[in-house]
Amino acid sequence: MVYWYANIRRVGVETKNMRLKVLKRKTEKLQPYLKISMVVLIILYLVISVLFRYEDTVSYTVWSVNFWDLLFQGRLGDYYSYSHENLRQAPHGLFCGSYLTVFPWILWNFPLWLTHPISQNVRVDSVACIFYSKLLLLVCVIGIAFYVYRIAKVVFRKSDEQACLAAILSVGGYEIVNSTAYAGQDEVVYLFFILAAVYFLLAGRKRMWLLFSCMSITVCPIMLIPFLTVYLIYEKNILKILGGTGMVLIPSLFFEFVYHSDEIYQESKGINSTSIFESMMDGDRIGTALGTVSAVGVAIILVFFLCYIIHEEGQNQNVSIIYMLAVSFFIICFMSPLNVFYRFGIYTPFWAVLIVLYEDRLNINLFLMTVVNYGRAFVSLGYSLSPDPFMTQNWNLTQNWNSQFIFPEIKTCLGEIRMRAVSEMMVDILGSQYYTVLFIARTMVFAGAIILLLINWKRWDKEISFQISYRMSMVMYTCSNVFFFVAFVVCILS
């Protein structure tokens, strides 16, 4: 028995060492521009994660620990009233929506509950607690890069360079880093689930596709749009489509049934989930003979229809799935007026896969992606009191960049910090032309995104000669994250 156990352990160690050697060889073979991009990203993710404590992250952490408080007291039915009491002092006094949306945090933060029992240690907002909580997001970032690499390498048989390029591109943009490391939002969690789901579908594992789709939609109901986009291409039997959709909605529907009479939950649901869909559909309207209609709603219906009439198999079907996913995320991220900065970047993983599918367009693709990335970084720093909030970032930096989101322990080391809004400085520099420049930037970003989708349509057969190397564009793309530090330092020095 001992000998058998020793052999199993030896084989396990050898397998692990072999995998590490393979990973090391692949890393050594990476081109210099990819190595530079990886180093920049690793440093930025870690440093920003340690420096900042965005209030949403604290609330997520508190709400996840609340679950364990009640579970072991046998009072899970009192979750919303308990959260409303806010004994652990979450910045948001009212939990918004279903706690299934934070279930990954709940599982991840179980060790925090073990080390912070409510009777002895109430607060879970220290540097160590929040950084540990953010590690879930960093794990999901790695998972996103992994599945993007697998889709590019295994499904589409791209080279190691192209697969690694797509992987880094998927998590290297300003908006993803900002959403994850600074704001500590869960966008990367449901993106990881939907990416894994698509990978398993493309690999022919339908049960895993439905399982991971279910997890993604449970965490974020908006992911029902990309789910149906893929499913309508893959499956043409209406009954099977309805059945599959019903399956992925089971946890959410069951939760609604259990908590249908909970007044606090119903109130919080209206504040969060309902308003998201309403703002998506109600933000941009088109005047018609029937009255005003939702531009986003019309676009989504057209995408679903196009997906359903696509009849392809094999690799052609796989390409169509990736392309239509890119289109669906364009609608979510570029057309829907979701005026929260941390959701803007969720388009990047599937766009990253799309970009590397055509080698002859890599130069123009990476250049356009970089322009869009920098453009969105610029317009996200703009703050306007006008009724046109499209692509305006709602974080502190735009309005009154005070130091409340810096960890108190770190702020003590920095001394007295007084900050000024970046948007105010832009107005001082550009004067009355500020809003004109902002409008032009928005227009260029939107047009650049459409052009990128247009030239990557598989029926596009026009040759595009573009001299700026994709390697140079990739480094510039990754360095867009330096915007964060530049804005931070400028605000302090102003």
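Sequence positions, counted from 1, serve as the residue numbers for this chain. All values below were derived from every heavy atom in this structure, side-chain atoms included, with hydrogens, water molecules and symmetry-related copies excluded.
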Distance from [X] atom [atom1] to [Y] atom [atom2], nearest 0.5 Å?
X	Y	atom1	atom2	answer
Trp457	Leu354	CH2	CG	13.5 Å
Arg88	Ser83	CZ	OG	11.0 Å
Thr61	Asn109	OG1	CG	5.5 Å
Ile151	Phe146	CD1	CZ	10.5 Å
Arg361	Lys462	CZ	NZ	12.0 Å
Leu232	Phe304	CG	CZ	6.5 Å

Under 3.5 Å, which donor-acceptor pairs do the side chains of residues 184-194 form with other protein atoms, sequence neighbours left out?
| from | atom 1 | to | atom 2 | distance (Å) |
| --- | --- | --- | --- | --- |
| Gln185 | OE1 | Tyr60 | OH | 3.4 |
| Gln185 | NE2 | Asp56 | OD2 | 2.8 |
| Gln185 | NE2 | Ala183 | O | 3.4 |
| Glu187 | OE2 | Tyr190 | OH | 2.8 |

[X] vs [Y] side-chain heavy atoms within contact, under 4.5 Å:
X	Y	result
Met38	Leu30	yes
Tyr33	Leu165	yes
Thr245	Leu224	yes
Leu169	Thr348	no
Tyr182	Val177	no
Val155	Tyr199	yes
Trp351	Leu453	yes
Val58	Ile130	yes

Under the side-chain contact (heavy atoms from CB on, under 4.5 Å) test, which residues partner Phe466, sequence neighbours left out? Asn363, Ile364, Phe367, Ile468

Please determine, by modelled atom types, if [X] and [Y] share a side-chain donor-acceptor pair under 3.5 angstrom.
X	Y	result
Glu175	Asn178	no
Ser465	Glu463	no
Tyr470	Gln162	no
Tyr149	Asp160	yes

Polar side-chain atom of Ser59 near backbone of His92 as donor-acceptor pair, under 3.5 Å: yes

Checking Leu357 against Asn456 for the side chain to side chain contact (heavy atoms under 4.5 Å, CB included) test, could you report, in this order, the C-alpha distance in whole Å, the side-chain angles of both residues, the deciding distance, and whether it holds? CA-CA 8 Å; Leu357 292 184; Asn456 286 283; over 6 Å; no

On the 0 to 90° scale, with breaks at 30° and 60°, tag the Trp209-Tyr231 ring pair as parallel, tilted or perpendicular. tilted

Parallel, tilted or perpendicular for Phe330 and Phe446, by the 30°/60° rule? tilted

Are Tyr174 and Tyr374 close enough, and set up right, to give a ring pair (Phe, Tyr, Trp, His ring centres under 6.0 Å), and what steps lead you there? CA-CA 8 Å; Tyr174 164 83; Tyr374 274 88; 8.8 Å; no

Aromatic ring proximity Tyr265/Phe255, centre distance under 6.0 Å: yes

Partner of Tyr358 under side-chain contact (heavy atoms from CB on, under 4.5 Å), picked from Ile355, Asp360, Val356, is Asp360

CD (Glu312) with more than 12 external heavy atoms under 6.0 Å: yes

